[in-house]
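In what follows, every chain begins at residue 1, and chains take the letters A, B, ... in the order their sequences are listed.
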There are 4 protein chains.
Amino acid sequence: MPVKNFDSDAQSCVHAKHERRKDARPGELLAAALELFVEKGFAATRVEEVAKLAGVSKGTLFIYFASKEELFKAVVRENISGRFEEWNAEFENFQGSSADMLRYCLTAWWEHIGSTKASGITKLMMSEARNFPELATFYEHEVIQPGHALIGRVLQRGVDRGEFRAIDMKYGVYIVLAPMLFLAMWKHSLGACCDAGAQLVPEDYIALQAETILNGLSIRQTPPPLSQKNTAS
Amino acid sequence: MPVKNFDSDAQSCVHAKHERRKDARPGELLAAALELFVEKGFAATRVEEVAKLAGVSKGTLFIYFASKEELFKAVVRENISGRFEEWNAEFENFQGSSADMLRYCLTAWWEHIGSTKASGITKLMMSEARNFPELATFYEHEVIQPGHALIGRVLQRGVDRGEFRAIDMKYGVYIVLAPMLFLAMWKHSLGACCDAGAQLVPEDYIALQAETILNGLSIRQTPPPLSQKNTAS
Amino acid sequence: MPVKNFDSDAQSCVHAKHERRKDARPGELLAAALELFVEKGFAATRVEEVAKLAGVSKGTLFIYFASKEELFKAVVRENISGRFEEWNAEFENFQGSSADMLRYCLTAWWEHIGSTKASGITKLMMSEARNFPELATFYEHEVIQPGHALIGRVLQRGVDRGEFRAIDMKYGVYIVLAPMLFLAMWKHSLGACCDAGAQLVPEDYIALQAETILNGLSIRQTPPPLSQKNTAS
Amino acid sequence: MPVKNFDSDAQSCVHAKHERRKDARPGELLAAALELFVEKGFAATRVEEVAKLAGVSKGTLFIYFASKEELFKAVVRENISGRFEEWNAEFENFQGSSADMLRYCLTAWWEHIGSTKASGITKLMMSEARNFPELATFYEHEVIQPGHALIGRVLQRGVDRGEFRAIDMKYGVYIVLAPMLFLAMWKHSLGACCDAGAQLVPEDYIALQAETILNGLSIRQTPPPLSQKNTAS
DNA sequence: CATGAATGAGCTTTCATTCAT
DNA sequence: GATGAATGAAAGCTCATTCAT
């Protein structure tokens with residue numbers, strides 16, 4: 001994830017009062033801001049805390065970001081750099097069953113997004129979208145639409161190849177997305193501070209979701225009987 | 001809605017016009033606070049706005065709630081009042097297939113929680129849990145654990161009756177919960193302010209999730225082949 | 001002067017912490033702001049000082065004025081309330097020589113403007129006009145133009161009646177205005193802090209200016225010889 | 001202009017291109033500072049702007065001036081360098097009528113001070129005198145007292161030679177000074193940003209002031225009758 | 001010497017909280 | 001009880017000043 005580029009070994013050197021590290025600063029600040037914004041929310045995070053976590057003074061932050069709001073926008077943008085081009089290419093080249101493709105999607109998502117700080121953006125957007133409509137629009141174009149499109153293509157491939165049952169794709173994508181996005185949010189909220197969450201192993205969560213989804217998408221020999229309200233006595 | 005509990009008997013007192021609904025104040029404040037906290041988050045909501053929305057002055061709010069934090073806690077507590085006793089009773093009395101039971105769960109959840117303001121609590125907890133650990137614990141005991149237990153019983157009933165395949169219940173409950181909780185959060189965040197979200201019809205979303213989950217939990221005649229990494233050429 | 005309306009006996013009562021004097025506040029704040037802005041300039045005056053001088057807290061100031069800049073604008077506007085209507089009426093009704101009229105102008109100006117806090121506005125505008133173009137335009141319309149017009153009428157009356165010699169009125173008005181405005185500015189700057197200024201008695205200053213101006217405007221029997229450069233002695 | 005004194009011999013040093021004019025730096029900084037201080041006032045001028053206008057970095061400014069205040073003081077001191085010795089010499093040598101002498105004073109003042117950046121000092125002192133008492137005292141000794149003395153001598157010469165009427169010199173000097181100093185201030189404040197000011201031609205302004213002052217100082221054949229309040233015409 | 005990244009005191013502004021009415 | 005004027009701690013942001021390079 002982009003943020004990682006910057007953290008590297010910032011801690012390893014002794015900082016003098018006026019050490020110049022101009023090109024490293026923005027990344028360090030963005031990483032610090034991401035962490036705190038995700039943890040405490042935008043409004044409850046003080047710029048001084050961000051600066052402190054990045055190892056600089058309050059004033060320095062404002063050299064690189066004109067305002068707290070600009071910092072927020074930069075955090076979101078920084079962590080959304082188009083990964084979709086790469087993923088779409090992977091989709092084109094994938095050889096294998098659609099079930100495998102879907103499993104790969106989920107695993108890769110966890111590996112590259114879910115388990116990294118980038119997953120914090122999901123929680124951040126959910127928490128702050130309504131306070132930053134401009135960012136919400138940006139996020140919709142940069143993440144939601146490409147994401148839906150990609151998952152839609154994966155599912156459609158399965159349908160086209162007779163591997164998945166036909167579904168309304170508009171809602172179908174959420175079969176895959178909802179469990180993953182919930183995981184991302186859970187991880188950064190209750191999962192980070194309550195017992196129930198502490199015990200959840202993401203890989204196991206994903207494994208069960210994957211098999212259930214695949215089973216759910218499969219074409220059954222005998223469909224389950226349509227239910228009538230409180231049918232059986 | 002839980003909040004209503006508070007106002008409910010407010011009508012019964014007959015005073016002069018100007019003093020009417022005096023004991024309804026806390027309920028009105030809680031409703032206003034829920035709405036604004038959900039929309040803007042705790043920190044970004046001003047108590048004056050809450051008071052205004054409730055039709056009282058800022059000072060009045062502090063007569064009923066010692067601080068903004070106490071107001072927040074009251075909002076959460078008030079809106080997760082134990083409905084589980086009732087629901088557990090429904091579970092005991094339910095006559096019908098486990099598939100129907102699960103469908104009923106999802107439908108009832110939407111009707112009583114998802115579509116009401118109470119769903120905002122889910123978003124609130126996700127956004128603020130880490131700032132209110134005490135509340136997170138409370139929420140875990142009052143909502144998460146009973147919720148998991150209830151869903152767990154529903155699924156276990158299906159397994160026990162040979163209707164659902166056996167799964168690790170610790171993760172199994174999320175098969176049902178994740179799509180619903182994601183819907184609740186989405187509705188109050190991006191869904192409330194971006195195009196993609198505007199077009200989502202919750203009932204249709206839930207219907208597809210329900211059938212997919214049931215299909216996913218079903219015992220298949222022929223299980224899908226275990227996948228090897230990039231099996232087919 | 002408008003400002004005076006407010007100072008009255010503010011000091012005479014004992015202030016409790018939360019005493020309510022809502023309608024008196026703006027005036028007290030404007031008076032305090034005028035004093036400090038004139039003394040130290042806009043930028044060098046801190047809002048907290050203004051509040052303190054007005055006997056309120058920092059926060060209170062912002063209840064009445066949205067920003068420091070709005071406070072500044074209000075100070076200027078407050079002290080410019082149209083006195084010109086009244087003065088123009090006086091002009092119409094004046095019975096007497098134009099010399100007397102001019103003397104009366106200067107005396108009245110000192111009495112109602114020059115000697116009061118309102119004269120500080122002159123210094124304030126001179127110091128800050130270029131930082132507040134919007135206010136400069138406002139001041140031009142509300143003060144400069146009516147002022148020039150009024151003085152112009154007074155002088156023109158004298159010319160028309162054969163009392164004053166004919167002059168280009170565009171520059172003529174400054175014969176009267178310059179000495180008065182200089183006095184106002186001097187009084188609030190060097191005059192307030194240096195020995196030379198301390199000894200200047202405004203009434204005497206004005207008396208001499210008046211007689212010299214009148215003499216200067218008079219129609220001489222024998223005009224002074226046109227000078228050639230460095231005429232022989 | 002005084003500032004030039006500083007640069008003057010800067011051309012004589014022959015270095016490499018990049019090092020050229022090294023010793024001109026302070027002069028360039030002072031010129032830049034004068035311009036900005038006059039335009040925006042001391043407090044509202046940022047040292048970075050001054051440095052930029054002088055073509056150097058912020059840090060460089062502090063090599064030459066210990067603080068912003070010191071820079072301000074240097075600007076004032078630099079621009080009021082004693083021209084009075086020269087002017088007093090001119091006074092001694094002047095051959096001609098006192099009227100001519102006075103006309104020459106006004107013309108020369110405009111030429112050497114009024115029309116140059118040095119006139120900005122007048123505005124600067126008026127605006128900031130009370131924030132810099134030390135400078136005010138300095139200014140009083142270096143400018144005000146010599147200036148008053150010089151003008152006083154000119155007027156006294158006229159009186160002594162029977163050319164001007166006798167006046168109290170303490171106030172008499174302002175007959176000459178007030179219109180000129182007002183012009184200087186006007187030019188750098190409202191005159192620089194409002195329509196009324198834009199149309200004022202200084203030479204014409206001075207010409208009319210000169211003739212009116214001379215007329216006003218002249219000994220009249222028939223003095224104007226002492227006015228009684230509202231005397232009938 | 002010159003630079004400009006970094007600092008942090010200081011200022012404007014906000015807003016939860018108080019309390020006289 | 002209800003009000004809303006008043007408070008002041010706290011937060012965002014600025015900018016004179018420093019100093020390693």
Please report, rounded to the nearest Å, how far the [atom2] atom of [N] is from the [atom1] atom of [X].
| X | N | atom1 | atom2 | result |
| --- | --- | --- | --- | --- |
| D/K52 | E/dT3 | NZ | C1' | 16 Å |
| A/F42 | F/dA11 | CZ | P | 14 Å |
| D/L61 | E/dA2 | CG | C1' | 12 Å |
| A/E48 | F/dA10 | CD | C1' | 10 Å |
| D/I63 | F/dT18 | CD1 | C1' | 12 Å |
| D/K40 | F/dT14 | NZ | C1' | 14 Å |

From [options], nucleotide with atom closest to [X] side chain:
| X | options | result |
| --- | --- | --- |
| D/S57 | F/dG12, F/dA16, E/dG4 | E/dG4 |
| C/F62 | E/dT14, F/dG12, E/dT17 | E/dT14 |
| A/V56 | E/dT12, E/dT7, F/dT3 | E/dT7 |
| C/R46 | E/dT7, F/dA6, E/dT12 | E/dT12 |

Not counting sequence neighbours, which residues clear side-chain contact (heavy atoms from CB on, under 4.5 Å) with [X]? List them please.
| X | value |
| --- | --- |
| C/E35 | C/L53, C/K117 |
| B/K58 | B/V47, B/E48 |
| A/S67 | A/E69, A/E70 |

message: Has A/H188 got a side-chain atom pairing as donor or acceptor with A/G120's backbone, closer than 3.5 angstrom?
response: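 Between the backbone of A/G120 and the side chain of A/H188 there is a qualifying donor-acceptor contact (under 3.5 Å).
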| task | Please check if the side chain of B/S189 supplies one atom and the backbone of A/A129 the other of a donor-acceptor pair under 3.5 Å. | result |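 Such a contact is absent between B/S189 side chain and A/A129 backbone.
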Pairing residues for B/K40 by the side-chain hydrogen bond (donor to acceptor under 3.5 Å, both in side chains) criterion, not counting sequence neighbours
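If we apply the side-chain hydrogen bond (donor to acceptor under 3.5 Å, both in side chains) test to B/K40, skipping adjacent residues, the hits are B/E49.
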According to side-chain hydrogen bond (donor to acceptor under 3.5 Å, both in side chains), who are the partners of A/S127, at least two apart in sequence or on a separate chain?
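B/S127.
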Q) Heavy-atom contacts under 4.0 Å between residues 64-76 of chain A and DNA chain F, which residues? A)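 Going residue by residue through residues 64-76 of chain A, the ones with a heavy atom under 4.0 Å of DNA chain F turn out to be A/S67, A/K68.
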Touch check for D/V47, heavy atoms < 4.0 angstrom, all strands: base, sugar-phosphate only, or nothing?
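Base, at least one base atom sits under 4.0 Å.
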Could you name each residue pair satisfying ring pair (Phe, Tyr, Trp, His ring centres under 6.0 Å) that touches residues 43-68 of chain A, not counting sequence neighbours?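 Applying ring pair (Phe, Tyr, Trp, His ring centres under 6.0 Å) to every pair that reaches into residues 43-68 of chain A, excluding sequence neighbours, yields nothing.
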Q. Closer to the 5' end of DNA chain E via nearest nucleotide, is it C/A43 or A/T60?
A.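 This one resolves to A/T60.
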Inset, instruction - Tell me, please, which residues at least two apart from C/F37 pass ring-ring contact (aromatic ring centres under 6.0 Å, His included). - result: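 C/F42, C/F72.
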Read 5' to 3' with Watson-Crick or G-U pairs under 3.5 Å, [ ] for crossing pairs and | for partners on another strand, DNA chain E gives .||||||||||||||||||||
- Ignoring hydrogens and angles, does a donor from either the side chain of A/K58 or the base of E/dG10 sit under 3.5 Å from an acceptor on the other?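 Side chain to base: pair present.
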